[in-house]
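Numbering starts at 1 and runs along the sequence shown.
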Amino acid sequence: MNWSVYADLSRPLTEAERQSVAEVLNEVVPDGGCVGQQRPGCDEVYFRLDDVSRDEASVMAARFLEVILEKAGVQARYELQLQPVLGR
């Protein structure tokens, strides 16, 4: 199964942090992703995981986020949401 991963960060990022997270995201996640402000006070990181179970996707997504935030030098908590990609 293929999954869309949405990680809501606990705080808004500065432009420099957002750029750093985006750069690391595109280095770490095989097909890259994007990062941006979804609503006031909350940035979101988005990427996809393909051909894994929900449990595997949950574990992989958490690992990716930990590495991304650490390498980008960003301290923030996050909440993951996984949604199946339909029609693929």
Side-chain angles (χ1 to χ4, degrees):
M1 174 142 295
N2 302 313
W3 300 93
S4 290
V5 178
Y6 301 91
D8 291 330
L9 302 180
S10 60
R11 64 176 182 84
L13 300 177
T14 65
E15 273 304 313
E17 287 175 325
R18 197 173 290 125
Q19 182 176 346
S20 182
V21 168
E23 288 171 4
V24 175
L25 172 64
N26 287 315
E27 290 173 14
V28 172
V29 177
D31 291 328
C34 61
V35 59
Q37 198 168 41
Q38 281 303 105
R39 59 184 184 271
C42 181
D43 271 78
E44 179 180 82
V45 178
Y46 168 83
F47 56 92
R48 287 185 45 169
L49 296 172
D50 296 331
D51 301 323
V52 294
S53 69
R54 178 181 263 295
D55 290 340
E56 289 172 310
S58 180
V59 170
M60 287 176 66
R63 283 186 192 148
F64 279 145
L65 256 296
E66 292 296 327
V67 169
I68 290 164
L69 294 176
E70 182 178 326
K71 287 181 88 171
V74 171
Q75 293 184 357
R77 293 181 313 278
Y78 59 86
E79 183 178 320
L80 289 175
Q81 296 176 18
L82 300 173
Q83 291 184 349
V85 177
L86 305 174
R88 194 163 176 223

Pairwise side-chain contact, Ser10 with Tyr78, heavy-atom cut-off 4.5 Å (strictly under):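 SC-SC contact between Ser10 and Tyr78 ruled out.
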Using the rule given for side-chain contact (heavy atoms from CB on, under 4.5 Å), can you reason through Val45 versus Phe64, listing the C-alpha separation, both sets of side-chain angles and the distance that settles it, and then say yes or no? CA-CA 11 Å; Val45 178; Phe64 279 145; over 6 Å; no
Closest heavy-atom pair and its distance - [X], [Y]:
X     : Y     : answer
Leu25 : Cys34 : CD2-N, 3.3 Å
Cys42 : Asp8  : SG-CB, 3.8 Å
Ala57 : Val52 : CB-CG2, 3.7 Å
Ala22 : Val35 : CB-CG1, 3.7 Å
Gly32 : Asn26 : CA-OD1, 3.1 Å
Gly41 : Pro12 : O-CD, 3.5 Å

Nearest 0.5 angstrom please: [X] [atom1] to [Y] [atom2], how far?
X     : Y     : atom1 : atom2 : result
Leu9  : Leu65 : CG    : CG    : 7.0 Å
Phe47 : Ile68 : CZ    : CD1   : 5.5 Å
Asp51 : Glu56 : CG    : CD    : 10.0 Å
Met60 : Leu80 : CE    : CG    : 12.5 Å
Ser4  : Gln81 : OG    : CD    : 11.5 Å
Gln83 : Arg54 : CD    : CZ    : 9.0 Å

When clusters are formed by joining ILVMFWY residues with side-chain heavy atoms under 4.5 Å apart, either directly or through shared neighbours, do Leu82 and Val85 land in the same one?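 As far as the 4.5 Å side-chain criterion goes, Val85 and Leu82 are not connected within one cluster.
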Would the number of heavy atoms belonging to other residues, nucleotides or ligands and lying under 6.0 Å from CD of Gln37 be above 12?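 Buried by this count: over 12 neighbours within 6.0 Å.
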Is there a side-chain contact (heavy atoms from CB on, under 4.5 Å) between Asp50 and Asp31 once you walk through the steps? CA-CA 10 Å; Asp50 296 331; Asp31 291 328; 3.8 Å; yes
Under a 4.0 Å N-O cut-off, is there an ion pair linking Arg63 with Glu66?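 Salt bridge between Arg63 and Glu66, a charged N being under 4.0 Å from a carboxylate O: no.
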Assign the ring pair Tyr6 / Tyr46 to parallel, tilted or perpendicular, where the plane angle (0 to 90°) is split at 30° and 60°.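 Ring orientation of Tyr6 relative to Tyr46: tilted.
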Between the side chains of Gln19 and Glu23, is a donor N or O closer than 3.5 angstrom to an acceptor N or O?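 Distance-only check passes for Gln19 and Glu23.
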Between Val74 and Arg11, does a side-chain contact (heavy atoms from CB on, under 4.5 Å) hold up when you go through it step by step? CA-CA 10 Å; Val74 171; Arg11 64 176 182 84; 3.7 Å; yes
